[in-house]
Number of protein chains: 2
Amino acid sequence: MKWDTLDEEPCSLSRTVAVVGDRWTLLILRECFLRVRRFEGFQSSLQITRHLLSERLKKLVRFGILRRVPYSEAPKRYEYILTQKGLDLYPIIMAMVHWGDTHMGDERGRPLLHQHKTCGKEFDPVMVCSECGEPLHAKQVHVHAGPGRKEAVG
Amino acid sequence: MKWDTLDEEPCSLSRTVAVVGDRWTLLILRECFLRVRRFEGFQSSLQITRHLLSERLKKLVRFGILRRVPYSEAPKRYEYILTQKGLDLYPIIMAMVHWGDTHMGDERGRPLLHQHKTCGKEFDPVMVCSECGEPLHAKQVHVHAGPGRKEAVG
DNA sequence: AGGCTATAGTTCTAAAATAGAACTGTCAAA
DNA sequence: TTTGACAGTTCTATTTTAGAACTATAGCCT
């Protein structure tokens, strides 16, 4: 597999996997959503090697998930802020958290609880159909080729 | 990082990442949801090395995502079927597909379209609050420690 | 019987990625 | 002038992955 061109495959999952499809990147993004912004913050909470952290942050900046924003002029220091593109990864992270809560839990209960500020309640994320609003299940979905696939396949 | 115990961390994201947090596993799951079930099927559509495919399938079986079901007695042959635990990964996959559609698209248009059999329409997946039904956004969610975190941290 | 094909793996070596630790450079405060 | 905080970079050893070849069972064709 040519991982370096995975983001150009005629498959939206592949393209997403090209960006967030590794363990460290997903854990870094978790920290971003928990308001971590700085190199040392990521490093100490994740115990990731500084080398890899540096690499992954660069990659996330390159793909437009994070912005590298100066917060000190002398010495020059930067922090990493989620862009809108990055914020839009939230459903992926939440879907993963929810699956972990449901299927990988232990007797200690949930590690984190999520409260929806809008309605005030503790909630679970639910994926629904944009058209009818019903919860989605794999077996109720029919997949067919769109223009991007037809053009790629010929 | 001790990846071998990542599935026991007091963090549901880590636990999920332990299972599906690598590129091949996510691509294999995509194929599962596209009804691929057999070793040769995965191998030829993904161009994954046979060695790694074998490893990843074993891991998915070990974690209860796939079941290895015989479909021929002589010679003994097996196919890999999503369990309920595996089917429940659907929101993760769909969230990734949707993000790719939204942020990684090109001029050729979407590779795949999804039709909701229940309502008959082509749809996008939307993540909503289980309590009030409103679409979720990161900034409207307050995270706090649950019992599993408190017990782990002390 | 002998050879071809299909399927589902296993085994081997080379290349790439990751881990772990040490090092660099800037500046502020003591 | 020394220490410490911060944001990285560089180095070697280990682990993972890629790529190709090999094994094994059995049906089908001649």
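The sequence lines fix the lettering, A, B, ..., with proteins before strands; numbering per chain opens at 1.
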_So, OP1 or OP2 of D:dT25: does either fall under 4.0 Å of a side-chain N or O from B:Tyr78?_
no
_From CA spacing to verdict: side chain to side chain donor-acceptor pair (under 3.5 Å), B:His144, A:Glu122_ = CA-CA 10 Å; B:His144 54 113; A:Glu122 278 173 16; 3.1 Å; yes
_Earlier contact from the 5' end, DNA chain D, for B:Arg23 and A:Glu79_ = A:Glu79
*asked:* Under the rule for salt bridge (Lys or Arg N to Asp or Glu O under 4.0 Å), what residues qualify as partners of B:Glu79, not counting sequence neighbours?
replied: B:Arg38
*Can you check the A:Leu53 CG to C:dT18 P distance for me, whole Å?*
13 Å
*Below 4.0 angstrom from OP1 or OP2 of C:dT10, is there any side-chain N or O of B:Lys58?*
yes
*Nearest-nucleotide 5' precedence on DNA chain C, A:His51 against B:Phe39*: B:Phe39
*Can B:Arg110 and B:Asp101 be counted as an ion pair, charged N to O under 4.0 angstrom?*
yes
*Can the ring centres of A:Phe33 and A:Tyr90 be said to be less than 6.0 Å apart?*
yes
*What integer distance in Å separates A:Gln43:CD from C:dA21:P?*
11 Å
*Pick base, sugar-phosphate or nothing for A:Arg68, based on heavy-atom distances below 4.0 Å to the nucleic acid.*
sugar-phosphate
*Tell me which nucleotide among C:dT7, D:dC6, C:dT18 gets nearest to the side chain of B:Glu40.*
C:dT7
*Is A:Thr83 reaching over with its side chain to a backbone N or O of A:Ile65, donor-acceptor style, under 3.5 angstrom?*
yes
*Between A:Trp3 and C:dA17, does any side-chain N or O lie under 4.0 Å from OP1 or OP2?*
no
*Think A:Tyr80 has a side-chain N or O under 4.0 angstrom from the OP1 or OP2 of D:dC6?*
no
*asked:* In whole Å, I'd like the distance from the CG atom of B:Leu27 to the P atom of D:dA18.
replied: 11 Å
*asked:* Would you say the ring centers of A:His114 and A:His116 fall short of 6.0 Å from each other?
replied: no
*Phosphate oxygens OP1/OP2 of C:dT10: is one of them under 4.0 Å from a side-chain N or O of B:Ser54?*
yes
*Taking atom C1' of D:dG8 as reference, at what distance in whole Å does atom CD of A:Glu55 sit?*
13 Å
*asked:* Test side chain to side chain donor-acceptor pair (under 3.5 Å) on A:Arg23 and B:Ser14; report intermediate values, then the result.
replied: CA-CA 9 Å; A:Arg23 293 183 290 196; B:Ser14 296; over 6 Å; no
_Separation of atom CG in A:Asp22 from atom P in C:dT18, rounded to whole Å_ = 7 Å
*Does any N or O in the side chain of A:Gln43 come within less than 3.5 Å of the main-chain N or O of A:Ile48, such that one atom is a donor and the other an acceptor?*
yes
*What one-letter contact string describes nucleotides 22-29 of chain C from 5' to 3', where B marks a base within less than 4.0 Å of any protein heavy atom, S marks contact via sugar-phosphate atoms alone, and - marks no contact?*
B---BS--
*Please state whether the phosphate of C:dA8, meaning OP1 or OP2, lies under 4.0 angstrom from any side-chain nitrogen or oxygen of B:Arg37.*
no
*Which whole-number value in Å describes the distance from A:Arg56 CZ to C:dA19 C1'?*
12 Å
_In this structure, how many angstroms lie between the P atom of D:dT14 and the CG atom of B:Asp4, rounded?_
17 Å
*To the nearest Å, give me how far apart CG (B:Leu6) and P (C:dT18) are.*
15 Å
*asked:* Check this one for me: any side-chain N or O of B:Tyr71 less than 4.0 Å away from OP1 or OP2 of C:dA8?
replied: yes
